[in-house]
Amino acid sequence: MHARTLGQGLQVSAIGLGAMGMSQSYGPNPGSRDDMIGVLRGAVERGVTFVDTAEVYGPYVNEELVGEALAPIRDEVVIATKFGWRIEGGKSVGLDSGPEHIRKVADESLARLGIDVIDLYYQHRVDPDVPIEDVAGAVGELVAAGKVRHFGLSEAGASTIRQAHAVHPVTAVQSEYSLWTRDPEPSVLPTCAELGIGFVPFSPLGKGFLTGTVDASTEFAAGDIRSTIPRFAAESRDANQALVAHVRELADAKGATPGQVALAWLLAQQPWIVPIPGTRRLSRVEENAGATALALSADEVADLDAVAARIGVVGNRYNEAGMAMVGR
Ligand SMILES: NC(=O)c1ccc[n+]([C@@H]2O[C@H](COP(=O)([O-])OP(=O)(O)OC[C@H]3O[C@@H](n4cnc5c(N)ncnc54)[C@H](OP(=O)(O)O)[C@@H]3O)[C@@H](O)[C@H]2O)c1
């Protein structure tokens, strides 16, 4: 698979792999822990060398899984993880990006991942109680100490990105972006373009919706986060099918899958955009990686944009508490 370059010259595979769903968010795992190790190693063998995890996934077990899986091939992979939560009793109880806390959890993430340096360390959500300059300063000190290579932000607003970048260069912003989530377009993407920062779309398949495998009749298993998301309420799923129908039509015409079209649309936006689809199945890793070989013409991209704008999306992408934490 060809490489793409995020900010600060960080080279990664054009499509990465999100590991979150291996430990949480999508209900019972169809595979065992050993199977997930196989998916992670199999992805790297297939050229997917950018893996995304976070302290809070699990919490903790996802970093341990990723660390164990990638240990034998550590030098071939760019490992990204995230900080920024106060975790008590096995769950996150709020934000904490205090510099002292960042220093402590960075050491803990290094130990769980079994590595000496975190390739890309994102603040998971902007903490309104801690000036972003202090966060950037703390990560800058970790870089100086050789514990972190690159600094990232997740779901930060444009002015926060700018302020952080002035203290320590930001390599990547990771926020939700896909055919049905266009929030970064008005100000975050132009800011990344201006400052030379890469952009990593999370939930690039719309949490599975854009692959055409979820419809109004889908029953989410216990523990599937989608049952708490307004956009995935049964009525919303029904209304939102119209966009998927169009994506499927284009996919059929191009001999591709709807998920590949959704990923190719993202890849077509900018050369410094690197989506990280999440999956627990090697067959889907292969399918998603195949999107790098699917070229969409400018007309096809424009047509998808026009259709998405005309259809619109019913329902927010997070519940109220989640929406309050994004775009700050
Ligand atoms: N920074 C943040 O705040 C944040 C938030 C959310 C996610 N993330 C990161 O972004 C990554 C990806 O996001 P996501 O997992 O939420 O959403 P996603 O990648 O848009 O979709 C994942 C869902 O799609 C399914 N799927 C994947 N490939 C498929 C295919 N080819 N055909 C059909 N279904 C497919 C997966 O099911 P199976 O697993 O069963 O295949 C899973 O249910 C996460 O793993 C995580 O690392 C970051």
Side-chain angles (χ1 to χ4, degrees), residues 15-31 35-36 39-40 43 48 50-58 62-63 65-66 79-85 92 95 120-126 152-156 172-181 183-184 199-215 218 220-221 223-229 231-232 244 247-248 251 256-266 274-291 294 317-318 322-323 325-328:
I15 284 199
L17 174 62
M20 178 187 76
M22 296 179 180
S23 305
Q24 63 164 56
S25 297
Y26 291 107
N29 197 317
D35 291 334
M36 295 309 104
V39 172
L40 284 155
V48 177
F50 181 36
V51 175
D52 190 78
T53 180
E55 170 197 37
V56 79
Y57 297 162
N62 198 250
E63 282 189 330
L65 171 74
V66 166
I79 299 177
T81 191
K82 316 183 191 82
F83 64 88
W85 302 98
S92 88
L95 296 171
L120 174 55
Y121 203 26
Y122 296 100
Q123 182 193 40
H124 210 148
R125 286 291 181 277
V126 173
L153 297 168
S154 176
E155 289 289 355
V173 171
Q174 177 182 134
S175 299
E176 184 165 356
Y177 186 38
S178 68
L179 265 168
W180 76 340
T181 300
D183 308 35
F199 187 84
V200 175
F202 76 71
S203 302
L205 298 168
K207 297 186 160 64
F209 191 76
L210 298 170
T211 67
T213 54
V214 176
D215 63 21
T218 304
F220 296 121
D224 193 320
I225 195 181
R226 291 173 294 191
S227 58
T228 69
I229 296 178
R231 189 173 278 198
F232 282 95
V244 180
V247 172
R248 186 185 292 285
T257 65
Q260 288 174 328
V261 167
L263 294 171
W265 176 86
L266 281 167
V274 180
I276 47 165
T279 180
R280 302 163 294 187
R281 301 162 215 262
L282 203 45
S283 59
R284 288 178 172 175
V285 169
E286 285 174 358
E287 178 187 332
N288 298 341
L294 176 66
R317 63 188 175 101
Y318 278 120
M323 288 307 291
M325 280 197 246
V326 296
R328 289 203 277 230

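Residue numbers count from 1 along this sequence. Side chains included, hydrogens not; waters and symmetry mates left out as well; all remaining heavy atoms used. One-based numbering, in listed order, for ligands and for the atoms of each. Since we're looking at a predicted model, the values are computed, not measured.
- For the residues A19, A262, G208, the heavy atom positioned nearest atom 24 (O) of ligand 1 is part of G208.
- The distance criterion of under 3.5 Å between nitrogen or oxygen atoms is met by R280 with respect to ligand 1.
- Remark: ligand 1 and M20 share an N or O pair separated by less than 3.5 Å (distance only, no angle test).
- Salt bridge annotation for R280-D35: absent, with no cationic side-chain nitrogen under 4.0 angstrom from a carboxylate oxygen.
- Remark: distances from the non-hydrogen atoms of R125 to ligand 1 include one below 4.0 Å.
- Interface of P204 with ligand 1, defined as ligand atoms under 4.0 Å from a residue heavy atom, comprises 19 (O), 20 (O).
- Residue-ligand proximity, H124 to ligand 1, at heavy-atom distances under 4.0 Å covers atoms 1 (N), 2 (C), 3 (O).
- Contact analysis puts K82 in contact with ligand 1, with a non-hydrogen atom separation below 4.0 angstrom.
- Listed by number with element, the atoms of ligand 1 under 4.0 Å from a non-hydrogen atom of D52 are 9 (C), 46 (C), 47 (O).
- Contact annotation for T211 and ligand 1: only side-chain heavy atoms (C-beta onward) come within less than 4.0 Å of the ligand.
- Contact annotation: for Y122 versus ligand 1, there are no heavy atoms closer than 4.0 Å.
- The two residues P204 and L210 come nearest to each other via the heavy atoms O-CD1, 3.9 Å.
- Not one N or O of E155 is nearer than 3.5 Å to an N or O of ligand 1, by distance alone.
- Rounding to the nearest 0.5 Å gives a distance of 12.0 Å between CD1 of I15 and CZ of F50.
- The nearest non-hydrogen atom to atom 35 (C) of ligand 1, considering only E286, E287, R284, comes from R284.
- Residue contacts with ligand 1: F202 is placed with no nitrogen or oxygen under 3.5 Å of a nitrogen or oxygen of the ligand (distance criterion only).
- Checked for salt-bridge contact, R317 and E155 meet the test: a charged N lies under 4.0 Å from a carboxylate O.
- Proximity of N288 to ligand 1, defined as any heavy-atom pair under 4.0 Å, is confined to the side chain (atoms from C-beta onward).
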**OP:** Report the C-alpha separation of F209 and R226 in whole Å, then their side-chain angles, then the decisive distance to 0.1 Å, and conclude whether the side-chain contact (heavy atoms from CB on, under 4.5 Å) test is met.
**Re:** CA-CA 10 Å; F209 191 76; R226 291 173 294 191; over 6 Å; no
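- Under the 4.0 angstrom criterion for non-hydrogen atoms, P277 is in contact with ligand 1.
- Below 3.5 Å of separation, one finds an N or O of Q174 facing an N or O of ligand 1.
- Residue I276 has at least one heavy-atom neighbour below 4.0 Å for each of these atoms of ligand 1: 9 (C), 10 (O), 11 (C), 12 (C).
- In terms of modelled atom types and a separation under 3.5 Å, the side chain of N62 and the main chain of G58 share no donor-acceptor contact.
- Of all heavy-atom pairs spanning L205 and P277, the tightest one is CD1-CB, 3.8 Å.
- Under a 4.0 Å criterion applied to the non-hydrogen atoms of R281, ligand 1 contributes the atoms 38 (P), 40 (O), 41 (O).
- At a cut-off of 3.5 Å, with distance as the only test, no side-chain donor of S203 or E176 sits close to an acceptor on the other residue.
- Residue R226 places a heavy atom under 4.0 Å from ligand 1.
- Counting only non-hydrogen atoms, the option in G21, G278, G290, G322 that gets closest to atom 36 (C) of ligand 1 is G278.
- Relative to the ring axis of W85, R125 does not place its NZ or CZ within 45° and under 6.0 Å from the centre.
- By the 3.5 Å distance cut-off applied to N or O atoms, G206 is counted among the residues near ligand 1.
- Of the listed options G16, S203, G212, S203 places a heavy atom closest to atom 18 (P) of ligand 1.
- Side chains of T81 and E63: a donor-acceptor N/O pair is present below 3.5 angstrom, by distance only.
- For atom 41 (O) of ligand 1, the nearest non-hydrogen atom of the protein is T279 OG1, 2.6 Å.
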Subject >> K207/Y26 under side chain to side chain donor-acceptor pair (under 3.5 Å): CA gap, chis, key distance, verdict >> reply: CA-CA 9 Å; K207 297 186 160 64; Y26 291 107; 5.0 Å; no
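- Listed by atom number, the atoms of ligand 1 under 4.0 Å from G18 heavy atoms are 11 (C), 44 (C), 45 (O), 47 (O).
- Shown here for A19 and V66, the closest heavy-atom pair between the two residues is CB-CG2, 3.7 Å.
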